[in-house]
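To start, the structure under review is shown below, and the notes come after it.
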Amino acid sequence: MDHRIRHGTGRLVRKLLSLLVSVLLFAVPAFAEELELKWLIDEALRNNREMMAAQSRVGAYAHKVPQAGSLPDPMFMFGYQNDTLSSYTYGQSPDSKWMYELSQTFPFAGKRGLKQDMAKADAESQKASYEALQRRVLSKVIENYYDLFFVYKSLDIIGERKSLFTNLEEAALARYSSGMASQQDAIMAQTEKYMLQEKEEMLRQKIQTLEGMLNLFIGREASLPLGRPSSASEARMDSTLEELMRKAQEHSPEIRAREKMIAGAEAKVNMARKEYFPDVTLTAGTEQRRGDYTDMYKLTASINLPAFFSTKQEPAVKEAQAQLLEAKHELEATRLMISSSIRENFAMATSAQKLMDLYRNALIPKSSQDYEAALAAYAIGKADALTVVTRLKALIDFDVLFWNQFSERQKAIARIGAYTGELGP
């Protein structure tokens, strides 16, 4: 019996373990090993909380448009008038009656249309602001992706180059054992290797930070892993600076949002001027009486009198004009800011491209040759350890700098794309 129980229990445990493995295989996403930029962009478009809030705000402003063009609610009044306080005199006195009134206010001609124009401009401005936010978020996703890419590349370089310090250490120990060099040479090589290990640890820590930022942008828990970025190709930038600046001025949602704000401010100025004219309230009512007394009917019209225009309507017009001027200044400031940013990032991308070519075609190959020559000379006693270490550190630095410029160029192009609309993986 015990044997059968143990056998059945073991079979149940194996089934549970198999089920757990299956769940984990389905639960762990495909990007656990390799992180694709397109996947990050798609996730940000679907799940970024700030963008979702902005999208809801766009919907809320769209619902304001029909409200702004609607008439005020009609008013219904009912009441009773009695002749004395001592008894109910309805039907006994001509002054005793039930009263019913219905009134409707009609704004002065053009006011409802202007209010609707203001609401439409606000809704369109919010829509453009949402698009601008969307582009900023995607730009930040791309920037953090290439920062993460650069960190992993730096780790690769350090991992590859540590073996070169090991070769130097072995050569130093061989020369020390033969009495051709001091122990200090081996210690120097070991120290440099430990310093690379320190850099490795700092880079791994940075991975956690960058993954947390990317998870924030795509709406996931900060602690969830993302994996290693896949290999990336160099982004193309075929347009000239003048073409990019023209595209940004034509397609930037920030500029479009400011233009809609100006349209709304202009409608507000016109609306403030319309407030000099009164609104009309029409009232229709009936007074019901019994007995020998006939019912009574009435139709009245009332208007508000802008008697305090010097302290109400006039300041309101000046306020609206000041807000219109503010919106125009903000539009010009936005145009200048975008032009400056395009120019700065274009210069950054161009400079990075030139430096990449310099590192790739000249400095890295030359540094590699210098290191190999120095190491060979050290092995036969024709160079000192410091020379070898210096040449090796220069080779590592140029390798890292190449990928740093690659990352900076990709990020600069992404920032340009956020303004021109040419944004993508």
Side-chain angles (χ1 to χ4, degrees), residues 31 33-44 135-162 196 198-218 222 225-239 241 244 341-365 367-368 393-420 422-425:
F31 55 81
E33 294 182 358
E34 190 172 84
L35 180 62
E36 295 288 343
L37 178 56
K38 186 180 184 305
W39 179 87
L40 283 174
I41 289 176
D42 292 341
E43 286 297 298
R135 292 187 185 184
R136 286 196 303 272
V137 168
L138 295 187
S139 176
K140 288 295 183 183
V141 167
I142 295 173
E143 288 183 51
N144 280 271
Y145 175 86
Y146 281 109
D147 280 337
L148 188 62
F149 177 85
F150 170 62
V151 170
Y152 273 101
K153 275 293 181 182
S154 299
L155 284 171
D156 289 344
I157 292 169
I158 290 174
E160 292 168 1
R161 301 310 185 189
K162 274 198 305 185
L196 288 180
E198 178 192 23
K199 287 183 180 179
E200 278 184 319
E201 187 57 36
M202 293 172 66
L203 289 170
R204 290 192 181 96
Q205 181 181 353
K206 192 171 182 180
I207 287 175
Q208 303 299 317
T209 302
L210 291 171
E211 285 186 340
M213 291 297 297
L214 283 171
N215 278 323
L216 172 64
F217 289 126
I218 64 175
L226 284 173
R228 180 192 177 107
S230 60
S231 58
S233 58
E234 294 182 23
R236 296 182 59 181
M237 191 175 66
D238 300 326
S239 301
L241 176 60
L244 291 172
S341 183
I342 291 287
R343 186 179 298 274
E344 176 188 358
N345 284 285
F346 182 85
M348 189 179 300
T350 304
S351 175
Q353 182 65 65
K354 292 178 180 177
L355 288 171
M356 286 168 58
D357 293 339
L358 178 63
Y359 293 136
R360 179 167 41 200
N361 301 324
L363 291 175
I364 292 176
S367 296
S368 179
K393 289 175 67 175
L395 175 59
I396 294 172
D397 288 343
F398 289 139
D399 272 340
V400 171
L401 285 170
F402 171 82
W403 289 109
N404 179 54
Q405 292 302 319
F406 173 87
S407 174
E408 292 301 320
R409 180 177 180 275
Q410 302 288 97
K411 289 155 56 178
I413 293 175
R415 286 190 289 268
I416 292 173
Y419 294 121
T420 62
E422 300 170 346
L423 192 64

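Values in this document were obtained by computation on a predicted structure and should not be read as measured data.
Closest approach of Ala349 to Ile413, counting heavy atoms only: CB-CG1, 4.2 Å. Taking all atoms of both residues into account, the shortest heavy-atom contact from Ile218 to Ala44 is CG2-N, 3.9 Å. Residues Phe346 and Ile416 share a closest heavy-atom pair of N-CD1, 3.7 Å. For Ile158 against Leu203, the heavy-atom pair with the smallest separation is CD1-CD1, 3.8 Å. Counting all heavy atoms, side chain and backbone alike, Leu148 lies closest to Leu214 at CD2-CD1, 4.0 Å. The two residues Ala418 and Arg135 come nearest to each other via the heavy atoms O-CD, 2.9 Å.
Here the CG-CG distance, from Leu35 to Leu37, works out to 8.0 Å after rounding to the nearest 0.5 Å. Taken to the nearest 0.5 Å, the CG atom of Leu155 stands 10.0 Å off from the CZ atom of Phe150. Between the CZ atom of Phe398 and the CG atom of Leu358 there is a distance of 8.0 Å, given to the nearest 0.5 Å. Remark: Leu226 CG to Leu40 CG distance equals 6.5 Å, nearest 0.5 Å. Here CG of Asn404 is found 7.5 Å from OG of Ser154. Values are rounded to the nearest 0.5 Å. Between atom CD1 of residue Ile41 and atom CD1 of residue Ile142 there is a gap of 4.5 Å, rounded to the nearest 0.5 Å.
Partners of Tyr419 by side chain to side chain donor-acceptor pair (under 3.5 Å), not counting sequence neighbours: none found. Applying the side-chain contact (heavy atoms from CB on, under 4.5 Å) criterion to Asp147, with sequence neighbours excluded, gives Leu210, Ser407, Lys411. In this view, Ser368 and Glu372, Leu395 satisfy the side-chain contact (heavy atoms from CB on, under 4.5 Å) rule, not counting sequence neighbours. Under the side chain to side chain donor-acceptor pair (under 3.5 Å) criterion, Gln405 pairs with no residue at all, not counting sequence neighbours. Taking Glu200 as the reference, Lys162 meet the salt bridge (charged side-chain N to carboxylate O under 4.0 Å, His left out) condition, with sequence neighbours excluded.
Within the structure, every pair that satisfies the side-chain hydrogen bond (donor to acceptor under 3.5 Å, both in side chains) test and touches residues 393-403, not counting sequence neighbours, is listed here: Arg161-Asp399. Pairs passing the side-chain hydrogen bond (donor to acceptor under 3.5 Å, both in side chains) check and including a residue from residues 348-361, sequence neighbours excluded, read Glu234-Arg360, Gln353-Asp357, Gln353-Arg409, Asp357-Arg360. Listed by first and then second residue, the salt bridge (charged side-chain N to carboxylate O under 4.0 Å, His left out) pairs involving residues 203-218 amount to none (not counting sequence neighbours).
The number of heavy-atom neighbours closer than 6.0 Å to NZ of Lys153, taken from other residues, nucleotides and ligands shown, is above 12.
Inter-residue side-chain proximity for Asp156 and Arg228 is flagged as met; some heavy-atom pair is nearer than 4.5 Å.
Between Tyr146 and Phe149, the ring planes are perpendicular. Angles over 60° get that label, and only those under 30° would be called parallel.
With 3.5 Å as the limit, one finds no donor-acceptor pair spanning the side chains of Thr209 and Gln205.
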